[in-house]
> 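Dropping a structure here in structure tokens format, bear with me for questions.
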Number of protein chains: 2
Amino acid sequence: MKPLSVKLKPIENLTQVDKIELTLQEYLRSGNFMPGDSIPKELELADALGVSRTAIREALSRFKTLGIIESRKNRGMVISTPDILGNMERVLNPQLLDDETMREIFELRLVIEMGLGDLLFKRKTDAALAKLETIVEKCEKATNKVEYIKNDAEFHAVLYKLSGNKTIQRFQKMLLPIFEYILKRMPGVADTRETTNYTSHRALLEILKNGTPEEFNGQMRDHLRNYFTI
Amino acid sequence: MKPLSVKLKPIENLTQVDKIELTLQEYLRSGNFMPGDSIPKELELADALGVSRTAIREALSRFKTLGIIESRKNRGMVISTPDILGNMERVLNPQLLDDETMREIFELRLVIEMGLGDLLFKRKTDAALAKLETIVEKCEKATNKVEYIKNDAEFHAVLYKLSGNKTIQRFQKMLLPIFEYILKRMPGVADTRETTNYTSHRALLEILKNGTPEEFNGQMRDHLRNYFTI
DNA sequence: TTTGTATATATGTAGTACATATTTATAAAC
DNA sequence: GTTTATAAATATGTACTACATATATACAAA
């Protein structure tokens, strides 16, 4: 049989609500709305678009889910500031994601960690360094794998906090389950947290105290190099 | 007056649909569903939870918005693989986000770019290097700011592509509008793309050809250093 | 000035009816 | 026997109505 042209696209099968969503999206975009601005009430929108309140509500519900608008009884709908990571967080489920995507997220985490040096040096404080010091010491005294891993997580968490960037910090926190999943389930990725850390963390800390961002990034590369076998 | 204790939290004001969402979320989580698995139809869920189909539909609509489930007529609902970046993309609107968040996103992009070296060296190909070569040459011949900026964007885009990580690549693409917004609107951030690039890009490329990841990351730091004044 | 009460209003929930698309079964045609 | 038409069944999609619920507003009472 002659193969169908790949250019043959399925006819657009948008539901009513899909169209309403697009219309409202364009309306919101072109209206230059700012957070706090209110939009017409459901009945007005339904009337303006010539559709039922049911359909309008479902379209609005999507925006509400994304955090673009908020609604309160008798106050109508207002534009809100969406939480850019919140939506991602809600779907970051290892059960649902495919392996390739998780591998890529894993890599993204590594990349971030290796590029973090400058932020850390820019915002490090004596208090934070002291805190890292105690963690590294605990790490050096750890006697079993569980303790190692716990301290490792804490060390990196404090580093991220030290970056002074709440978005990056949250991002990393979200990615932790993926990280664990990869280490446990993926073939070819060795969990080296036990063997490398207790010297490596010390080195990172010393560089952070007296070294340069370049040195730090380099040491971090070394710290994470085993994960790069993916 | 005695100040109210900050521990005094507002009483939980969850709507019916909110509760349904939580219930279904738990149901989905504990059920170990995989993409492709189907879930009970709306009427069954409504019946099981003792609520109207209307409310069930609104709760399901949220999951649909997040990409966790999909629905088709007469086929019911099936678990799907969510697009982790898709939801973020839909709300990445400079108009709606606050300046602090955008600054942090801007930083995140810088961090990623400075930690990208290893991936690039691991996956570089002759073809990609050749492509970068032509871009750098164009860049060196550029005569006005518009050309510089265009080439700069292209150079970085090819770098990201070279990383072989589609998630990172998409992520960067999504962040571009934020990047542009920051450069244009934020005080204290100088747009130095014109003055630094034509030498800096060449250096990056030469390192990528014959150098090491460390050298590359270092040069990238230099390439981006002006943005770190935030 | 505060506190209570009534009223209007916009969203939230329920229920019914029907539209629409897709599967399944069955019959007809070659 | 394989394909093609046709019909019935089914689950989601849309519309409409009615009422519940929370909140703003106005006004009265303390």
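Here is how names work: the chains are called A, B, and so on, in the same order as the sequence lines, proteins then strands, and each is numbered from 1. Remember, predicted model here, so these are calculated numbers, not experimental data.
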> Kindly indicate whether the side chain of A:L24, heavy atoms from C-beta on, has any atom under 4.5 Å from the side chain of A:I39.
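SC-SC contact between A:L24 and A:I39 ruled out.
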
> Only counting residues at least two apart or in another chain, list the ones meeting side-chain hydrogen bond (donor to acceptor under 3.5 Å, both in side chains) with A:E21.
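With neighbours one apart ignored, the set is A:R62, B:R90.
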
> Please set out all donor-acceptor pairs under 3.5 angstrom arising from side-chain atoms of residues 73-80 of chain A, sequence neighbours excluded.
residue, atom, partner, partner atom, Å
A:S80, OG, A:G67, O, 2.9
A:S80, OG, A:I68, O, 3.3

> Determine: side-chain N/O of A:R53 to OP1/OP2 of D:dA15, distance under 4.0 Å, yes or no.
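Looking at the OP1 and OP2 atoms of D:dA15, neither is under 4.0 Å from any side-chain N or O of A:R53.
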
> Just how far, in rounded Å, is P of D:dA15 from CD1 of A:I56?
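Interatomic distance, CD1 of A:I56 to P of D:dA15: 9 Å.
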
> Would you jot down, in residue-number order, the residues of residues 60-74 of chain B having a non-hydrogen atom under 4.0 Å from DNA chain D?
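By residue number: B:K64, B:S71, B:R72, B:K73, B:N74.
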
> With a cut-off of less than 4.0 Å, is there a side-chain N or O of A:T54 near OP1 or OP2 of D:dG13?
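Result: no.
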
> Under 4.0 Å between a side-chain N/O of A:Q16 and OP1 or OP2 of C:dT20, yes or no?
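It does not, given that no N or O in the side chain of A:Q16 lies less than 4.0 Å from OP1 or OP2 of C:dT20.
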
> Can you list everything that forms a salt bridge (Lys or Arg N to Asp or Glu O under 4.0 Å) with A:K138? Sequence neighbours excluded, please.
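A:E154.
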
> Whole-Å distance between C:dT13 P and B:L49 CG?
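Atom-to-atom, B:L49 to C:dT13, this comes out as 13 Å.
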
> Atom CZ of A:R75 and atom P of D:dT23: how far apart are they, to the nearest Å?
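That distance rounds to 10 Å.
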
> Side chain of A:K124, backbone of A:L208: donor and acceptor closer than 3.5 Å?
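Yes: the side chain of A:K124 pairs with the backbone of A:L208.
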
> Let me know the distance between CZ of A:R57 and C1' of D:dT17, rounded to the nearest Å.
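Spelled out: CZ on A:R57 to C1' on D:dT17 is 15 Å.
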
> May I have the distance from B:L14 (atom CG) to D:dT21 (atom P), rounded to whole angstrom?
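Value for this atom pair: 16 Å.
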
> Is any side-chain heavy atom of B:I168 closer than 4.5 Å to a side-chain heavy atom of B:L119?
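Touching, per the 4.5 Å side-chain cut-off.
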
> Please find the pair of heavy atoms, one from B:I84 and one from A:T101, that lie closest to each other, and give the distance.
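Reported closest heavy-atom pair: CD1-CG2, 4.0 Å.
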
> Who pairs with A:E180 by salt bridge (Lys or Arg N to Asp or Glu O under 4.0 Å), at least two apart in sequence or on another chain?
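In terms of salt bridge (Lys or Arg N to Asp or Glu O under 4.0 Å), with neighbours along the sequence ignored, A:E180 is linked to A:R193.
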
> Which parts of residues 36-48 of chain B get close to DNA chain D, meaning a heavy atom less than 4.0 angstrom away?
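Residues of residues 36-48 of chain B that come under 4.0 Å of DNA chain D are, in numerical order, B:K41, B:E42.
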
> Nearest whole angstrom, please: distance from the P of D:dT12 to the CG of A:D18.
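These atoms are roughly 16 Å apart.
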
